[in-house]
Amino acid sequence: MERDQDAPAQTKRPPATDEATSRTAVPLPQKPPPEPRPAARPWSARRIPAAITALIIGAAAGLLLFDVIRVRAGSPAAAWRGRLAEELATRPLDDTSVQIGAGVIAALGLWLIILALTPGLRRQLPLQRPGARMYAVLDRTAAELRMRDAAMHVPGVSAAKVTFSQHRVAVHADVRFRAPADVKADLQAALKEQLDRLALARPPRLDVRVRPRRK
């Protein structure tokens with residue numbers, strides 16, 4: 001009896017893969033995170049000046065409109081309106097009262113322009129912000145207290161006064177012991193470290209002055 005011969009083993013080949021899927025995936029270069037926007041001082045709502053200006057303009061306009069309606073209705077004009085018209089028509093421009101009134105009105109107009117173009121809220125210091133949607137401020141009094149506490153921890157300092165502004169930090173310290181030059185060097189280092197911890201958006205210039213305490 002003839003033996004069945006085994007069929008030669010056929011090597012199975014892996015299915016052909018697409019070139020696009022067989023390639024190694026290369027990660028796309030990530031875009032660098034956007035740099036934090038410089039924080040500016042917050043703008044004040046100017047509620048009190050706006051309310052006062054609106055009340056004055058509204059009262060003057062309402063009084064004038066009321067008098068015009070009375071004249072249209074057949075009543076005589078108010079005495080103040082006739083007197084004002086007469087003064088404006090007859091009084092010369094070099095009159096002292098006219099110049100004083102013009103100066104006052106010009107000063108008020110300049111004050112309103114300054115209020116409209118400046119942010120205000122000088123007691124608040126903007127902090128650094130990592131994103132455009134985050135915003136934080138630090139009260140100037142709190143910043144002065146933090147800087148004063150840092151100054152009082154320096155050996156040799158018996159009293160310290162800190163005045164914070166937008167561009168300058170003035171520190172006046174009294175030295176009880178140690179050399180004033182050594183105390184000033186340690187004081188500058190401690191205050192510089194504390195100023196960095198405050199993380200202000202616009203760090204002010206540090207001005208340190210020491211003086212020996214008189215007994």
Side-chain angles (χ1 to χ4, degrees), residues 30-56 103-215:
Q30 297 181 355
K31 295 182 179 180
E35 296 182 359
R37 297 171 56 186
R41 197 163 72 239
W43 282 76
S44 173
R46 311 287 191 189
R47 294 183 178 90
I48 296 178
I52 293 175
T53 304
L55 287 176
I56 293 175
V104 172
I105 294 175
L108 290 176
L110 180 61
W111 177 60
L112 293 176
I113 292 175
I114 292 175
L115 291 181
L117 298 180
T118 54
L121 297 180
R122 302 185 64 86
R123 301 295 304 176
Q124 296 183 0
L125 305 173
L127 301 179
Q128 298 177 3
R129 51 178 181 173
R133 297 184 178 181
M134 298 182 62
Y135 197 85
V137 294
L138 178 65
D139 186 74
R140 186 182 297 181
T141 304
E144 291 174 351
L145 290 176
R146 294 293 300 273
M147 297 291 287
R148 181 181 177 276
D149 291 343
M152 293 300 296
H153 281 83
V154 176
V157 176
S158 60
K161 180 181 179 181
V162 180
T163 304
F164 229 102
S165 63
Q166 294 292 330
H167 306 287
R168 178 172 171 266
V169 181
V171 182
H172 299 269
D174 294 338
V175 180
R176 176 179 294 180
F177 59 92
R178 297 179 64 197
D182 298 339
V183 175
K184 183 177 181 179
D186 295 344
L187 192 59
Q188 286 179 339
L191 293 177
K192 180 65 171 61
E193 181 180 358
Q194 182 61 43
L195 192 61
D196 294 338
R197 290 179 180 176
L198 294 181
L200 298 178
R202 298 177 181 177
R205 179 174 56 89
L206 190 60
D207 185 12
V208 180
R209 298 181 183 182
V210 298
R211 60 181 180 181
R213 183 179 181 182
R214 297 179 181 178
K215 296 182 180 180

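Just so it is clear, the model here is predicted, and its values are computed rather than measured. Only this structure's heavy atoms are used, side chains among them; waters, hydrogens and symmetry mates stay out.
- Taking both residues in full, the closest heavy atoms of Val208 and Leu206 are given as CG2-CG, 3.8 Å, listed atom of the first, atom of the second, then distance.
- Under the 4.5 Å side-chain criterion, counting only non-hydrogen atoms from C-beta, Arg178 is in contact with Asp186.
- Atom CG of Leu191 sits about 4.5 Å away from atom CG of Leu187, to the nearest 0.5 Å.
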Any chance you could lay out the side-chain contact (heavy atoms from CB on, under 4.5 Å) test for Val157 and Phe177, step after step, and finish with the verdict?
-> CA-CA 8 Å; Val157 176; Phe177 59 92; over 6 Å; no

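- No side-chain heavy atom of Leu145 sits under 4.5 Å from any side-chain heavy atom of Phe164.
- Of all non-hydrogen atoms in Pro155 and Val183, the two that sit nearest each other are O-CG2, 4.0 Å.
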Does the salt bridge (Lys or Arg N to Asp or Glu O under 4.0 Å) test come out yes or no for Arg197 and Glu193, once each step is laid out?
-> CA-CA 6 Å; Arg197 290 179 180 176; Glu193 181 180 358; 2.8 Å; yes

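- Taking every heavy atom of both residues into account, Val162 and Met147 meet most closely at CG1-CB, 3.9 Å.
- Contact annotation: the side chain of Thr163 never approaches that of Val169 to less than 4.5 Å [non-hydrogen atoms, C-beta and beyond].
- Taking every heavy atom of both residues into account, His167 and Pro204 meet most closely at C-CB, 3.4 Å.
- The shortest side-chain heavy-atom distance between Pro49 and Trp111 falls under the 4.5 Å cut-off.
- Between the CZ atom in Arg211 and the NZ atom in Lys184 there is a gap of 14.0 Å [rounded to 0.5 Å].
- Pairing each heavy atom of Ala190 with each of Ala150, the nearest pair is CB-O, 4.3 Å.
- Summarising the geometry, atom CG belonging to Leu108 is positioned 11.5 Å from atom CD1 belonging to Ile113; distances are rounded to the nearest 0.5 Å.
- To the nearest 0.5 angstrom, Gln188 atom CD is 9.0 Å from Asp207 atom CG.
- Atom CG of residue Leu138 and atom CG of residue Leu200 lie 6.5 Å apart, to the nearest 0.5 angstrom.
- Heavy-atom neighbours of Ile48 CD1 from other residues, nucleotides or ligands within 6.0 Å: at or below the threshold of 12.
- Heavy atoms from other residues, nucleotides or ligands lying under 6.0 Å from CZ of Arg146 number 12 at most.
- The distance from the NZ atom of Lys161 to the CZ atom of Arg209 is 12.5 Å, given to the nearest 0.5 Å.
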